[in-house]
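Because the structure is predicted, anything quoted here is derived from the model rather than measured. Below, read A as the first sequence line, B as the second, and so on, with proteins coming before strands; counting in each chain starts at 1.
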2 protein chains.
Amino acid sequence: MSERGRPRTFDRTAALRRAMQVFWARGYEGASMSELTAAMGINSPSLYAAFGSKEALFLEATDFYSHTEGADIWLALDEAPTARLAIEQFLCLTAKAYSQNDRPQGCLITLGALHQDSSRGAICDDLRRRRAENHSALQKRLERGVAEGELPADFDSNAAATFFATVQHGMSIQARDGASHDALLATVAGAMAAWRTLAGGSAA
Amino acid sequence: MSERGRPRTFDRTAALRRAMQVFWARGYEGASMSELTAAMGINSPSLYAAFGSKEALFLEATDFYSHTEGADIWLALDEAPTARLAIEQFLCLTAKAYSQNDRPQGCLITLGALHQDSSRGAICDDLRRRRAENHSALQKRLERGVAEGELPADFDSNAAATFFATVQHGMSIQARDGASHDALLATVAGAMAAWRTLAGGSAA
DNA sequence: CTCCTTTTGTAACGATCGATACATAAATAT
DNA sequence: ATATTTATGTATCGATCGTTACAAAAGGAG
């Protein structure tokens, strides 16, 4: 399409990945433009020409995060044969992803911007929307378990989805506190211990 | 002791409470000195004379928070007759406190400063230490339950404390997303559903 | 009263924040 | 070839950040 003009000398996707890592580690407000441009290996005019603004860069970085780092955790939901295994794998993959040492601990969507501000409304709203989508994905998978007879008809998929989503949010903070993979799995075990009770006493 | 010099014209404790509310709503880095002095009703020189620095003010504000807002939640732990009731009340009081509309949602200790930075190391470390103390309080209460025979001898108090602490952390984010009291209680119900499994199948 | 100590308000400090003006460089279009 | 378009590097913008000098004000001590 547009091949005119001087060609860009940096890899836009690679730069976006670097920006994502900075936002992931520092949060939206904690990531300064100096740190971003340094990590991306470009000067600020190039950043603004390619991404528009710090806010637009963050929105694009979180979208990139969802499609790369956060993808496999949620893909496992629909692939698992039962709702129980789906939730268990969802939490186990979370425990693994949140405790890797070669990247920031915890989740960008969860920790990226928690404090509302007049100038940060769009950022908070976008992350909130993404978290709501995650809750919805959990709820839908549980409802499928009800439809398939795995879970009783009066199973509260909404309440259970809220519980498991909240556990995952807590694991982000636990991971930020330096929790090991095993410590995160202790939380997973606790959450899964609730399963048989929530599922109505019928052991899977 | 020292009554010399011009007397202070503002209530130091009241100003500290206002500062706590600002830090609670905005986080450490999101709370600017302008917003702090405006909320406290004083000018910056008065703030620095009375509290030292923004960092020292935050540390004092979190300590004030622990002794006021966060006190009753943890007091209930030791007063409850059984470990099960202790955990349940702990979580229910959390759900109530986190969903009040006359104050910021969620917990200052949990949400105050999650992103490590070269200049914020002391802040993060202090909050981390307070979260570790909370975990320790939960663990000690569960160990008491083991000692009193309420819980089996092989009960993993450390793992269970990690689980319940993580649930509480997640509730802070859930509350920040606007969750109602009832929604938070759904999470509490999920966490308590794990109890009978964790306690070794013996229903309380 | 005159010292001495401490607080107060004004006004500003250097540093950094996110964001740009501008001239130059490097490509395509005609 | 010249014109056009886009990217790059330098150098900086106004605003705000956390912090502080400074002098006037308000109390006790002598």
Undergrad: Go through the structure and list residues passing salt bridge (Lys or Arg N to Asp or Glu O under 4.0 Å) with A:Arg144, not counting sequence neighbours.
TA: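 Salt bridge (Lys or Arg N to Asp or Glu O under 4.0 Å) list for A:Arg144, sorted by chain: A:Glu148.
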Undergrad: What residues form a ring pair (Phe, Tyr, Trp, His ring centres under 6.0 Å) with B:Phe90, not counting sequence neighbours?
TA: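 Applying ring pair (Phe, Tyr, Trp, His ring centres under 6.0 Å) to B:Phe90 gives B:Trp74.
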Undergrad: OP1 or OP2 of D:dT8 less than 4.0 angstrom from a side-chain nitrogen or oxygen of A:Ser46, does that happen here?
TA: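 Affirmative; the distance criterion is met.
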Undergrad: Would you mind reading off the bend of the helix from C:dC1-D:dG30 to C:dT30-D:dA1 from its two end axes, five pairs each, to 10 degrees?
TA: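 It works out to 10° between the end axes.
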Undergrad: Take nucleotides 17-30 of chain D nucleotide by nucleotide from the 5' end and write B, S or -, depending on whether a protein heavy atom sits under 4.0 Å from the base, only from the sugar-phosphate, or from neither.
TA: SSBBB---BBBSS-
Undergrad: List, one per line, each side-chain donor-acceptor pair under 3.5 Å for residues 160-172 of chain B, sequence neighbours excluded.
TA:
{"unit_1": "B:Thr162", "atom_1": "OG1", "unit_2": "B:His135", "atom_2": "NE2", "d": "2.9"}
{"unit_1": "B:Thr162", "atom_1": "OG1", "unit_2": "B:Asn158", "atom_2": "O", "d": "3.0"}
{"unit_1": "B:Thr166", "atom_1": "OG1", "unit_2": "A:Gln174", "atom_2": "OE1", "d": "2.9"}
{"unit_1": "B:Thr166", "atom_1": "OG1", "unit_2": "A:Thr187", "atom_2": "OG1", "d": "3.3"}
{"unit_1": "B:Thr166", "atom_1": "OG1", "unit_2": "B:Thr162", "atom_2": "O", "d": "2.7"}
{"unit_1": "B:Gln168", "atom_1": "NE2", "unit_2": "B:Thr94", "atom_2": "OG1", "d": "3.1"}
{"unit_1": "B:Ser172", "atom_1": "OG", "unit_2": "B:Cys107", "atom_2": "N", "d": "3.1"}

Undergrad: Is there any side-chain hydrogen bond (donor to acceptor under 3.5 Å, both in side chains) pair reaching into residues 42-64 of chain B, and which pairs are they, with sequence neighbours excluded?
TA: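 Passing the test, one end in residues 42-64 of chain B: B:Arg12-B:Glu60, B:Asp63-B:Arg130.
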Undergrad: Using whole Å, what does the distance between atom P of nucleotide D:dG9 and atom CE of A:Met40 come to?
TA: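 The distance from CE of A:Met40 to P of D:dG9 comes to 13 Å, rounded to the nearest Å.
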Undergrad: Give every residue pair that meets the side-chain hydrogen bond (donor to acceptor under 3.5 Å, both in side chains) criterion with at least one member in residues 176-186 of chain B, sequence neighbours excluded.
TA: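 Every side-chain hydrogen bond (donor to acceptor under 3.5 Å, both in side chains) pair that includes a residue of residues 176-186 of chain B, provided the two are not neighbours, is A:His115-B:Arg176, A:Arg131-B:Asp177.
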Undergrad: Please state how far atom CZ in B:Arg12 lies from atom P in C:dT7, giving the value in whole angstrom units.
TA: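 The answer, rounded to whole Å, is 10 Å.
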Undergrad: Tell me, please, which residues at least two apart from B:Tyr65 pass ring pair (Phe, Tyr, Trp, His ring centres under 6.0 Å).
TA: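 Once residues adjacent in sequence are excluded, the partners of B:Tyr65 under the ring pair (Phe, Tyr, Trp, His ring centres under 6.0 Å) criterion are B:Trp24.
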Undergrad: Sequence neighbours left out, what passes side chain to side chain contact (heavy atoms under 4.5 Å, CB included) with A:Ala25? Give chain and number order.
TA: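 With neighbours one apart ignored, the set is A:Pro104.
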Undergrad: What is the distance from CZ of B:Arg8 to P of C:dT5, rounded to the nearest Å?
TA: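 Distance check: B:Arg8 CZ to C:dT5 P gives 18 Å.
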Undergrad: Does a salt bridge link A:Arg84 with A:Glu150, judged by any charged N lying under 4.0 Å from a carboxylate O?
TA: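 Salt bridge flag = no for A:Glu150 with A:Arg84.
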Undergrad: Looking at D:dG9, I'd like to know if its phosphate oxygens (OP1 or OP2) sit under 4.0 Å from a side-chain N or O belonging to A:Asn43.
TA: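 For D:dG9, OP1/OP2 do have a side-chain N/O of A:Asn43 under 4.0 Å.
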